[in-house]
Colleague: 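Before anything else, here's the structure in question.
Here the structure is a predicted model, which is why all the values come from computation and not from measurement.
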Amino acid sequence: MMTRSMMKFFSPSSSSAIYTTLSSRLARINATRHTPPPPPKSSRAARSLTCTTASNPKSKSKSKAKHLLLLLLIVSLILLAAFLLIRATMSSSSSSSDAVAAAAAATFEKPRTVVKKLLAESQPEGDGATVRRSIGRYELRNLDPFLMLDEFSVSKPAGFPDHPHRGFETVTYMLEGAFTHQDFAGHKGTIGTGDVQWMTAGRGIVHSEMPAADGVQKGLQLWINLSSKDKMIEPRYQELMSKDISCAEKDGVEVKIIAGEAFGVRSPVYTRTPTMYMDFTMQPGSQLHQPIPEAWNAFVYIIDGEGVFGREKASPATAHHCLVLGPGDGLSVWNKSGEPLRFALVGGQPLNEPVVQHGPFVMNTRAEIQQAMEDYYYGRNGFEKARHWSSTA
């Protein structure tokens, strides 16, 4: 409770000065708590500093966002440029490939393709010899003007002893080793690796072909038909040593030109039946576009390796296959393997005459075959020396 003296002490009349003083102090305290202090003299600079300090975190956030957006934009532009560059490169490469393919296709108006493919299987022949025959078997009796193609493999004492021929030519091309040839007219000679003997039997000849060295002797022998007007001409020979065979090279493709023309180089061999005969070696990645007279028949015999013939997307063919080519004015070949490809390309003008063959005699009628057999047996009409001759091999 409050006493009178206390009440008197707090009454307005007796304590107005104290009350006034206390009220003033309380007012100043309250004003100090709720009213911000007045700004300093340099109020504008202080306000500017305060505003800058307060807004700085937001400015930094906005600056980082701008930098991030700029970085994303730059990365996007780089990726877009890279994509466009890759696409342009692929398009250019594709266009280049298409251009090469188009150029290859445009090389010939009628490119030849493979219409028949035969694997030459081994069979016995002569005296202990082995041959791989492609043309001249029941699947391909002949390919006008070609009568037979053998890839032979012979070691002593096997070989091809004395035997007659009439009515065609034989072309022997040595791939490895050496062979000695001799006939009843006194001709004798040896051909080695890379050499060629082109023999025209004509009206008749008796000869032998035997190994001239130890080991395995390998080669190709092609029989070419003679027209009816040439079947009874006198026998003759053309022999070419390897060093004398015309050669050419272009863009990873080498060719030995036994007969005909390739890369602007022509062989000196005379062919009574118009013929081309070439030995091509193609390095990996190379391609060939060889013209062939459109009216001629032609084939390929693969010696080593594998290649794509006729169409670039065709299945590759491998060694010992004979590929008969369809009509057209040239052949395209691609070596897509990692090894060299070697093959013989042979073409000839068809004779379009009947072919009647009995062993080593090839004529136009059965009566002519009968006559050839009698002439050989009785030693006449070209076989006069046959009855008293034998080879020394």
Side-chain angles (χ1 to χ4, degrees), residues 112 134-136 142-152 165 167-175 179 181 189 191-202 205 209 218-227 229-231 233 235-250 253-282 288-303 309 322-325 328-331 333 342-352 362:
R112 291 182 180 242
S134 49
I135 300 175
N142 54 65
L143 182 65
D144 191 13
F146 307 112
L147 303 166
M148 189 190 78
L149 177 67
D150 281 352
E151 179 186 2
F152 59 84
H165 291 300
F168 61 97
E169 298 179 298
T170 66
V171 183
T172 304
Y173 180 38
M174 292 302 300
L175 301 177
F179 250 55
H181 165 275
I191 55 174
T193 301
D195 299 342
V196 175
Q197 182 198 75
W198 199 297
M199 183 190 77
T200 302
I205 200 166
E209 301 158 291
K218 297 180 179 180
L220 299 175
Q221 187 168 92
L222 175 69
W223 289 13
I224 306 174
N225 201 8
L226 288 170
S227 66
K229 65 182 178 60
D230 293 328
K231 285 187 178 293
I233 63 174
R236 67 188 296 265
Y237 293 92
Q238 297 178 86
E239 292 185 347
L240 276 81
M241 299 297 100
S242 178
K243 63 182 178 63
D244 298 322
I245 295 177
S246 300
C247 298
E249 189 277 333
K250 181 180 178 182
V253 180
E254 299 177 8
V255 59
K256 295 181 178 180
I257 309 161
I258 298 167
E261 181 178 341
F263 298 158
V265 179
R266 175 169 289 277
S267 167
V269 170
Y270 170 73
T271 60
R272 192 168 292 275
T273 298
T275 305
M276 60 185 294
Y277 190 155
M278 301 165 188
D279 176 6
F280 284 99
T281 299
M282 299 178 61
L288 165 71
H289 306 287
Q290 172 62 38
I292 302 172
E294 191 169 350
W296 289 17
N297 287 329
F299 69 91
V300 164
Y301 187 79
I302 304 174
I303 300 169
F309 295 82
C322 179
L323 311 178
V324 179
L325 304 177
D329 58 352
L331 172 67
V333 185
R342 186 182 183 188
F343 63 92
L345 172 61
V346 184
Q349 181 177 326
L351 299 175
N352 297 315
V362 181

Colleague: To check you understand the geometry: which heavy-atom pair defines the closest contact between S267 and S246, and what is its length?
Modeller: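 Looking at all heavy atoms of both residues, the closest pair is CA-OG, 3.8 Å.
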
Colleague: Using the test side-chain contact (heavy atoms from CB on, under 4.5 Å), find all partners of T273 that sit at least two apart in sequence or belong to another chain.
Modeller: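 Per chain and number, T273 pairs via side-chain contact (heavy atoms from CB on, under 4.5 Å) with P145, I224, L226, T275, L351.
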
Colleague: Any side-chain heavy-atom pair from V333 and F343 closer than 4.5 angstrom?
Modeller: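 When only atoms from C-beta onward are counted, F343 and V333 do touch, with a gap below 4.5 Å.
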
Colleague: Report yes or no: does N297 contribute a side-chain atom to a donor-acceptor pair with the main-chain N or O of D144 at less than 3.5 Å?
Modeller: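 Yes, the answer is positive, given that a donor and an acceptor are paired below the 3.5 Å cut-off.
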
Colleague: Over all heavy atoms of both residues, which pair between G194 and Y173 is shortest? Give the atoms and the distance, please.
Modeller: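 The answer is O-CE1, 3.7 Å.
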
Colleague: Who passes salt bridge (Lys or Arg N to Asp or Glu O under 4.0 Å) against R266, sequence neighbours left out?
Modeller: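 Result, salt bridge (Lys or Arg N to Asp or Glu O under 4.0 Å) vs R266: E261.
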
Colleague: What's the shortest heavy-atom distance between M276 and P293, and which atoms?
Modeller: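 That would be SD-CD, 4.1 Å.
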
Colleague: Locate the shortest heavy-atom distance separating C247 from K256; write the atom from each residue and the value.
Modeller: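 Minimum heavy-atom separation between C247 and K256: SG-CG, 4.0 Å.
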
Colleague: Quick check against the 3.5 Å criterion: does K231 have a side-chain atom that pairs as donor or acceptor with the backbone of V362?
Modeller: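 It does hold such a pair.
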
Colleague: Mind checking side chain to side chain donor-acceptor pair (under 3.5 Å) for Q221 and listing every partner two or more places apart, or none if nothing turns up?
Modeller: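 Testing Q221 for side chain to side chain donor-acceptor pair (under 3.5 Å), a comparison that skips the adjacent residues, returns T172, E209, W223.
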
Colleague: Ignoring hydrogens, what is the shortest heavy-atom contact between M174 and F152? Give both atom names and the distance.
Modeller: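 So the two residues come closest at SD-CZ, 3.8 Å.
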
Colleague: Mind listing the closest non-hydrogen atom pair of F146 and G348 along with its distance?
Modeller: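 Reported closest heavy-atom pair: CZ-N, 3.4 Å.
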
Colleague: I want to check something: taking the side chain as every heavy atom from C-beta on, are S242 and D195 in contact at a cut-off of under 4.5 Å?
Modeller: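 Of all side-chain heavy-atom pairs linking D195 with S242, at least one is under 4.5 Å.
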
